[in-house]
Amino acid sequence: HTPAVTKWNKRNLSWRVRTFPKESHLGHDTVRALMYYALKVWSDITPLNFHEVAGNNADIQIDFSKTDHNDGYPFDGPGGMVAHAFSPGEHHAAGDTHFDDDESWTFRSSDAHGMDLFAVAVHEFGHAIGLTHVSAIESIMRPYYQGPVGDPLKYDLPYEDKVRIWQLYGVRESVSLTAKPEISKTNDQPVLLDLPENRSTNPLRRDAPNRCNTHFDAVAQIRGEAFFFKGKYFWRLTRNKHLVSLQPAQIHRFWRGLPLNLDSVDAVYERIHDHKIVFFKGDKYWVFKDNNVEEGYPRLISDFGLPLGGIDAAFSWALDDKTYFFKDHLYWCYNEYERRMEPGYPLETTLWQGIPNRLDDATRWSDGATYFFKGKEYWKVMDSNLEAEPGYPQSIARDWLVCSDMQADAPAPAESTRTRQHAKHDESHSKIEVCSCTS
Amino acid sequence: APADDDDASSGADWLTRFGYLLPPDPNTGQLQTQEELAKAIMTMQQFGGLEATGILDEATLKLMKTPRCSLPDLLQSEARTLR
């Protein structure tokens, strides 16, 4: 019997971990990383692209739920039914994937202890993109839990599963159809898992700015996280607004493909319709797929219908899913889906009451507000209106970058004191390692 | 060894949940026949890689207790065809 085939008509699919396991020893970033790699197993061989997003509109919403969670598939405590996912389609739950929060979810554990989250996630995402259960012992789509499948970075789908998914979506260009890789059945423990990015181990450079006493060139929400750009550096905050590291990272070491002589950026935003990231500097812009620049860039900002001369700020407004560009006392509204500037623009920025001219940048955030940044201060505007909330501006350093009022208020150090501070900084670094503790 | 009555009852629930057995008709209250039950067990055993005996033996019960995905193995239409 041939079951009804359901598949996604689009090839770019967004995902989000909406709720995390509540009593698991797995950190949020580890869970996200395991989901990323479990999806990558499928996108490595098919022309599907998965992008992590922040909002409520993700195609694949991932939840850790207990007992009856109102979807017709109640969980039953430890053991028994451990997870499920909804097949592609038009229904609101299509693609959504649920894990039983009563299971002891593990990573790098032996067979006997707990439920390997990566192995189960690969199976469930198979459902989320249209596969049904099969009886073949070696298939990841066999309904029974068969223990860990090894290192997520090295996992290779069984050939039968590849063929089934190729029948739905075709083959990714880079994949050889004839290659039948041998399945490694070793008991190797997974290697260190990290989020898919470079994390610089270089010491802080002497030209690195002081996050507590600076204005920022650009601020953007990317994949639900906040990025503060200054000069050749950036700081990153998790979606819970926790600073990943006190040390900034170097832009060029993370965002691969920007010119090496680029000493700063003007504005950055994540595009709504395809989740690509757009960087602006002067008259030029670059489009990134994840953290790699696309071919054919830079291009001129006149592509957007913007006048040459650069922009101050760019952000996608959650209210209308349109992109807003700011320059001096003017702003424009761009329709990403139709790739054209909305008629009637530019308008005066005075329509955004309480927001200053000549912004540094602006960004949406997951709390239903847009934030505008200028100098050392920021303004909050709820998505339902065009007016800054009462009580703003507030301090960027204090509220976003983990600085005390005293640090943030301190004047910029003179050259001599700056040198002394560096010496002190270096001395302290010999004793204290500043770490990124996200997982 | 064949299962006792409790195992048979929970086995029928399991087979229904995962698509091997159609749920009893709520209008007529009709129960599955022994023959239907045995056929469903055989299909489940084949799908699970066990010897297809049609008997709810220990190996079958063990497989039923193995942690698994909540989704059915067969669609309702497939179970109906079996019936």
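No hydrogens, no waters, no symmetry mates; every other heavy atom, side chains included, goes into these values. In the text below, chain A, chain B and the rest are named by the order of the sequence lines, each starting its count at 1.
A distance of 11.5 Å separates CG of B:L71 from CG of A:L131, quoted to the nearest 0.5 Å. Rounded to the nearest 0.5 Å, atoms CG (B:L74) and OG (A:S135) are 9.5 Å apart. Here the straight-line distance linking atom NE2 of A:H133 with atom CZ of B:F18 works out to 8.5 Å at 0.5 Å rounding. In this structure, B:C69 SG and A:E124 CD are separated by 4.0 Å, a value rounded to the nearest 0.5 Å.
More than 12 non-hydrogen atoms from other residues, nucleotides or ligands lie less than 6.0 angstrom from CD of A:E160. No more than 12 heavy atoms of other residues, nucleotides or ligands sit less than 6.0 Å from atom CG of A:N57.
The part of A:A85 that comes within reach of chain B is its backbone (N, CA, C, O), which places non-hydrogen atoms under 4.5 angstrom from that chain. Only the side chain of A:F75 comes within less than 4.5 Å of a heavy atom of chain B; its backbone N, CA, C and O stay farther away. Residue A:H98 does not touch chain B at all, counting heavy-atom pairs closer than 4.5 Å. No part of A:M141 comes within reach of chain B, as not one of its non-hydrogen atoms sits under 4.5 angstrom from that chain. In this structure, chain B has no heavy atom under 4.5 Å from any part of A:V120.
Inter-residue side-chain proximity for A:R142 and B:R68 is flagged as unmet; no heavy-atom pair is nearer than 4.5 Å. Put simply, the side chain of B:M64 does not reach to within 4.5 Å of the side chain of A:Y144, judged on heavy atoms.
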